[in-house]
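Naming: A, B, ... by sequence-line order, numbering from 1 per chain.
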Amino acid sequence: MNLKGTLPLLVLQTLAQEALHGYAIAQRIKARSEGVLDFKEGTLYPTLHALEEGGSIEANSVVVDGRIRHIYRLTDKGNKVLEAQTLEWGRIAGAVNSVLAGAR
Amino acid sequence: MSEEFSLDTLRRLDILNWIDEASNGLEPIAREKIEQQILEHYGDALANYRSSGDNREIAHLKILQDLGSSKIARHKYSKIYFPEKYLESFKSFDNLASFFLVYSIALVYFKIEDFNFGYYLISEQVDEYGRQHFMEKATQIFSTTNILSTVLLIFVISLGYLRLRMWFSKNHDHNYNWRALFISITSLIIVTSIQIIQSLNSVYFLPSFLFWLIIFSNTAYAFMSIKLLLQYAKRKKLIGW
């Protein structure tokens with residue numbers, strides 16, 4: 001399932017647990033949702049760049065085994081954005097569930 | 001060995017082609033960052049698929065499938081980064097702005113020196129002789145003041161302008177093009193120097209000719225730049241109409 005517009009929220013939540021590089025973020029989201037939430041990995045990086053530009057996450061370049069890795073971590077601003085977006089998502093999900101419950 | 005090498009080359013071309021399409025037209029620093037990250041991603045994904053038992057070819061195809069459309073990625077990147085064509089226009093606009101900066105010093109000085117005449121000129125209440133007189137005075141400011149204070153004035157204003165550009169660059173998170181800056185500052189120095197030399201020799205034609213030459217060579221780009229910057233601001237939702 002591809003839920004348009006939810007990728008930034010999923011990225012923020014994933015990075016709230018620990019700092020990760022791009023590929024690990026993609027794998028973590030897919031694993032946590034048990035493959036239900038699928039997205040093209042090519043769109044993950046623009047999302048990461050947009051979050052970085054907005055100051056919600058920051059990237060550090062580190063050398064691991066001779067390779068440069070871009071490790072992302074959540075910022076204080078990102079924490080606040082995550083809280084706000086989680087509340088908003090809860091409100092939307094609740095509303096959708098209410099409508100679906102009424103339809104049965 | 002040779003066949004494996006050829007296949008590796010083809011796979012590398014595949015992924016480089018994906019990167020090229022995804023970052024096409026973006027500013028150089030963005031392209032470099034995207035290339036680094038996608039190659040890093042490719043390396044991780046390849047190791048992951050290989051450890052699951054896939055051969056190189058299958059792993060490669062799976063990675064490309066996982067990445068999805070490069071055109072969609074390009075569309076998303078273009079919302080974040082300053083596209084190169086915008087940057088080019090911005091540079092032209094910037095050159096024009098730096099030129100006006102120098103010329104405006106002359107005009108402001110002239111207005112201070114002879115406020116009433118400046119008022120008549122703006123009100124178009126002067127004849128051709130008056131206009132020439134204005135241009136001469138406006139372009140001779142450097143001969144009427146102490147050279148050291150003029151150089152300091154230019155230096156302080158240029159430094160302020162430089163700081164403003166650096167602030168703009170930092171706060172908009174796009175590549176600060178040092179080559180463009182070099183061109184701008186060089187034109188600033190050359191035009192200023194010509195004005196100083198001209199003022200000492202009192203030659204009227206040269207600064208006027210340079211003035212119009214630079215105006216004409218940059219105006220079209222400046223208008224295009226304003227249009228593109230407005231479009232960009234609209235897309236970024238900085239302005240809304």
query: CD of A/Q27 to CG of B/N48: how many Å apart, nearest 0.5 Å?
result: 5.5 Å
- prompt: Any luck finding a side-chain donor-acceptor pair between B/E40 and A/H70 under 3.5 Å?
  reply: yes
field: Whether A/K40 side chain and B/Q65 backbone form a donor-acceptor pair below 3.5 Å
entry: yes
- prompt: Counting only heavy atoms not in B/E32, do more than 12 fall under 6.0 Å of its CD?
  reply: no
task: Start with the C-alpha distance between A/H49 and B/I34, add both sets of side-chain angles, then the distance that settles side-chain contact (heavy atoms from CB on, under 4.5 Å), and finish with yes or no.
output: CA-CA 10 Å; A/H49 293 196; B/I34 293 164; 4.1 Å; yes
message: Report which part of B/I63 has an atom under 4.5 Å of a heavy atom belonging to chain A: side chain, backbone, both, or neither.
response: neither
Interface moiety of B/A22 toward chain A, non-hydrogen atoms closer than 4.5 Å: neither
query: If you measure from CG on A/L48 to NZ on B/K33, what distance do you get to the nearest 0.5 Å?
result: 9.0 Å
query: Just wondering, more than 12 heavy atoms not from B/N55 lying within 6.0 Å of its CG?
result: yes
field: Heavy-atom pair with the smallest gap, counting every atom of A/G42 and B/W18
entry: CA-CH2, 3.8 Å
Residues B/Q37 and A/H21: side-chain donor-acceptor under 3.5 angstrom: no
message: Please report the interatomic distance OH(B/Y77) to OH(A/Y45), rounded to the nearest 0.5 Å.
response: 8.0 Å
message: I need the A/E52 CD to B/I80 CD1 distance, nearest 0.5 Å.
response: 10.0 Å
- prompt: Do other residues, nucleotides or ligands put more than 12 heavy atoms under 6.0 Å from the CD1 atom of B/I72?
  reply: no
